[in-house]
Amino acid sequence: MAAIYKHILIATDGSELAGKGVAHSLELARGLSATVTFVTVSEPFPTLAWGGAMAGYVVADELTNYEESARKYSREVLEKCKAEADKLGVRAKSVHIENKAPAEAILDTARAQACDLIVMASHGRRGLGRP
């Protein structure tokens with residue numbers, strides 16, 4: 001019988017909850033002999049109402065810091081995911097999408113990589129704290 005899913009997209013933000021989703025997804029992928037693509041998304045830099053003559057310079061510096069930090073964090077998250085996949089013998093690749101809303105980036109990546117299943121953890125909010 002052919003595998004139901006051949007290419008699984010695993011979305012992660014590096015959180016503890018997302019880590020549980022990654023672990024579960026990798027077990028699923030191993031059982032199905034499926035390939036996985038890990039994706040993490042850096043949202044656009046928040047635009048704020050900056051005032052004053054130096055505002056453009058401050059925003060440029062903050063934007064650069066934001067982008068560098070996001071790239072570094074994403075690289076660390078994806079390297080950890082790839083190492084977990086390697087330990088289980090699951091073929092995996094990683095993608096970091098910058099400056100996009102997560103939902104849009106996840107769907108675009110799933111289409112571009114021809115994934116037939118998307119796995120991600122819940123946002124983790126429950127009860128009164130849930131919006």
Can you check salt bridge (Lys or Arg N to Asp or Glu O under 4.0 Å) on Arg30 and Glu27, steps first, answer last? CA-CA 5 Å; Arg30 182 172 72 161; Glu27 288 296 334; 2.8 Å; yes
For Cys81 and Ser94, run side-chain contact (heavy atoms from CB on, under 4.5 Å): C-alpha distance rounded to whole Å, both residues' side-chain angles, the deciding distance at 0.1 Å, then the answer. CA-CA 8 Å; Cys81 290; Ser94 302; 5.7 Å; no
Please assess Leu117 against Lys6 for the test side-chain contact (heavy atoms from CB on, under 4.5 Å), listing each intermediate value before the final yes or no. CA-CA 8 Å; Leu117 178 67; Lys6 295 181 181 173; over 6 Å; no
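Shown here is Lys100, whose NZ atom has more than 12 heavy atoms of other residues, nucleotides or ligands within 6.0 Å.
Considering only heavy atoms from C-beta on, Phe38 stays 4.5 Å or farther from Val77 through its side chain. Within the 4.5 Å cutoff, the side chain of Leu78 has heavy atoms near those of the Thr40 side chain. Side-chain contact between Glu43 and Glu98 is absent, with no heavy atoms from C-beta onward closer than 4.5 Å. Taking the side chain as every heavy atom from C-beta outward, Ile106 and Met120 approach each other to under 4.5 Å. Within the 4.5 Å cutoff, side-chain heavy atoms of Val39 are placed close to those of Ile97. Using a 4.5 Å heavy-atom threshold, the side chains of Leu107 and Ile118 count as touching. Residues Ile10 and Leu26 meet the side-chain proximity criterion, which asks for heavy atoms closer than 4.5 Å. Counting only heavy atoms from C-beta outward, the side chains of Ile8 and Val119 approach each other to under 4.5 Å.
Asp116 CG to Leu9 CG: the interatomic distance, rounded to the nearest 0.5 Å, is 10.5 Å. Atom SG of Cys115 is separated from atom NE2 of His7 by 3.5 Å, given to the nearest 0.5 angstrom. Between atom OG of residue Ser69 and atom CD of residue Glu62 there is a gap of 9.5 Å, rounded to the nearest 0.5 Å. How far CG of Asp86 is from CZ of Arg91: 12.0 Å, rounded to the nearest 0.5 Å. Going from atom OG of Ser25 over to atom CD of Glu84 covers 10.5 Å, rounded to the nearest 0.5 Å. Rounding to the nearest 0.5 Å places OG1 of Thr37 at 4.5 Å from CD of Gln113.
When every heavy atom of Pro44 is checked against every heavy atom of Ala101, the shortest pair comes out as CD-N, 4.4 Å. Here the shortest heavy-atom pairing between Ala70 and His96 reads O-CE1, 4.1 Å.
Using modelled atom types, one side-chain atom of Tyr73 and one backbone atom of Asp13 make a donor-acceptor pair closer than 3.5 Å.
Salt-bridge formation is not detected for the pair Glu68/Lys72: no Lys NZ or Arg NE/NH1/NH2 atom is positioned less than 4.0 Å from an Asp or Glu carboxylate oxygen.
When the side chains of ILVMFWY residues are joined at heavy-atom separations under 4.5 Å, either directly or via intervening members, Tyr5 and Val90 end up in a single hydrophobic cluster.
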